[in-house]
Protein chains: 2
Amino acid sequence: MTDTPPLPDFDLYGFTPYRLAVAAKHTSEQLARQYRDRFGISIPEWRVLVHLAHSGNTSVRDIEARVAMEKYEVSRAAKRLREAGLIERKENPEDRRLIILSLTVEGQKMMAELLPMAKAHQAELEKRLGDAFKQLEAGLEALLNETK
Amino acid sequence: MTDTPPLPDFDLYGFTPYRLAVAAKHTSEQLARQYRDRFGISIPEWRVLVHLAHSGNTSVRDIEARVAMEKYEVSRAAKRLREAGLIERKENPEDRRLIILSLTVEGQKMMAELLPMAKAHQAELEKRLGDAFKQLEAGLEALLNETK
DNA sequence: ACAAGGTCATTGCACCTGCTACGAAATTGC
DNA sequence: GCAATTTCGTAGCAGGTGCAATGACCTTGT
């Protein structure tokens, strides 16, 4: 004899934040494992590297603002990457609070291998999803532009 | 005189796994903070609770299979929830490897408050995004059904 | 009936994260 | 010119996470 107060009916599978989290995990998992096994790189580190490959020298603050990471995440990812010899830092002489991060030659070599993997992954995703990909992107576009 | 080997051009903002991760974080952040501040509940814990509210008594294994969590995540979330008095466990007499998790009365009360918050959040998201929401969901549907 | 193998849940370990506080440097306001 | 405030990056701490190993239990095959 259990008295069950009537709970609202709520299905996790229909909850958009949950669906997005699963989709994010699902799409990044396979590739993330590749960089991890092959290069020993985590996702935060990868984001920093991609930003540096794309935008050249930048500060922690700059990356933070443009790569959806917190300041301390960038700082720690950068530390690990420095220890691995993939990036280097110098002081900015115009504002000595800022640091300038950039890829080392070794980092550039690694990115030359890594970026094509990411491009291939993206291309495969687009191909597999077909029209649904366009819809997904339209939806994401609206969502990402929204509260910003 | 810097010699820069030509790296492939790759923009993180156009990378679907990244976009999904940002979107997931963005849509869950506000609500997650609410449960955290108000009830002291993390996202893994919330998922377990929602599953129990929806599906009644279940085992760790069952949750694992249906809620996109690893077994150890469920186990640890359940441990914390038990310590907080929100769920309880008994042995399954038919198979003593399995445990049966269920909400306590206190857990049910909390969910009676928490679930409407989630429903409201979902409704607001749908409203804010309008047509883009439908597109997003169509895309997610294809993606989530895909490799499964 | 019992050994071999499989399933279920938990835990130890090392690492990662989130938060907050901090020191150094620049900017603002008087 | 100099205190008060703000900005930038880092680090301590507590707690969370991922992985592999473990122990308890069930199932299968002989």
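Just so it is clear: chains get the letters A, B, ... in the order the sequence lines come, proteins before strands, and each one is counted from 1.
In this structure, A:Met69 places its CE atom 13 Å from P of C:dC16, rounding to the nearest Å. To the nearest angstrom, P of D:dT17 lies 14 Å from NZ of B:Lys79. Between the CD atom of B:Glu64 and the C1' atom of D:dC19 there is a distance of 14 Å, rounded to whole Å. In this entry the distance linking CD of A:Glu73 with C1' of C:dC16 reads 10 Å, nearest Å. Put simply, CD on A:Glu70 is 7 Å from P on C:dC19, counting in whole angstrom units. Rounded to a whole Å, the NZ atom of B:Lys71 is 15 Å from the P atom of D:dG18. One interatomic measurement links the two molecules: CG of A:Leu98 to C1' of D:dT10, which rounds to 14 Å at whole-angstrom precision. Rounded to whole Å, the distance from CZ on B:Arg96 to C1' on C:dT7 is 15 Å.
For the pair A:Arg89 and D:dT10, the criterion of a side-chain N or O lying under 4.0 Å from OP1 or OP2 is met. At the phosphate of D:dG9, neither OP1 nor OP2 sits under 4.0 Å from any side-chain N or O atom of A:Arg82. Residue A:Ser75 has a polar side-chain atom (N or O) positioned under 4.0 Å from OP1 or OP2 of D:dT10. Taking only side-chain nitrogens and oxygens, B:Arg80 comes nearer than 4.0 Å to OP1 or OP2 of D:dT17. In terms of phosphate contacts, B:Tyr72 brings no side-chain nitrogen or oxygen within less than 4.0 Å of OP1 or OP2 of C:dT10. The phosphate of C:dC8 (OP1 or OP2) has a side-chain N or O of B:Arg61 nearer than 4.0 angstrom.
With DNA chain D read from its 5' end, the first of the two nearest nucleotides for B:Pro44 and B:Glu94 is the one closest to B:Pro44. Mapping A:Glu91 and B:Val74 onto DNA chain C by nearest heavy atom places B:Val74 closer to the 5' end of the strand.
Listed nucleotides: D:dC13, D:dG9, C:dA26. Nearest to the side chain of A:Arg76: D:dC13. When distances run from any side-chain atom of A:Val60 to the nucleotides D:dG9, C:dT11, C:dT7, the shortest one goes to D:dG9.
Residue-level contact check: B:Arg33 touches neither bases nor backbone, having no heavy atom under 4.0 Å from any strand. Residue B:Ser59 is in sugar-phosphate contact alone, with no base atom involved, counting any heavy-atom pair closer than 4.0 Å across all strands shown.
For the pair B:Arg96 and B:Glu91, the salt-bridge criterion is met [side-chain N within less than 4.0 Å of a carboxylate O]. Remark: B:Glu113 engages B:Arg38 in a salt bridge, criterion side-chain N to carboxylate O under 4.0 Å.
B:Glu45 pairs with exactly one of B:Lys79, B:Arg80, B:Arg82 by the salt bridge (charged side-chain N to carboxylate O under 4.0 Å, His left out) rule, that one being B:Arg80.
In the model, A:Asn145 has a side-chain atom that pairs as donor or acceptor with a side-chain atom of A:Glu141 under 3.5 Å.
Between A:Trp46 and A:Tyr35, the ring planes lie parallel to each other; the angle is under 30°, not in the 30° to 60° tilted range.
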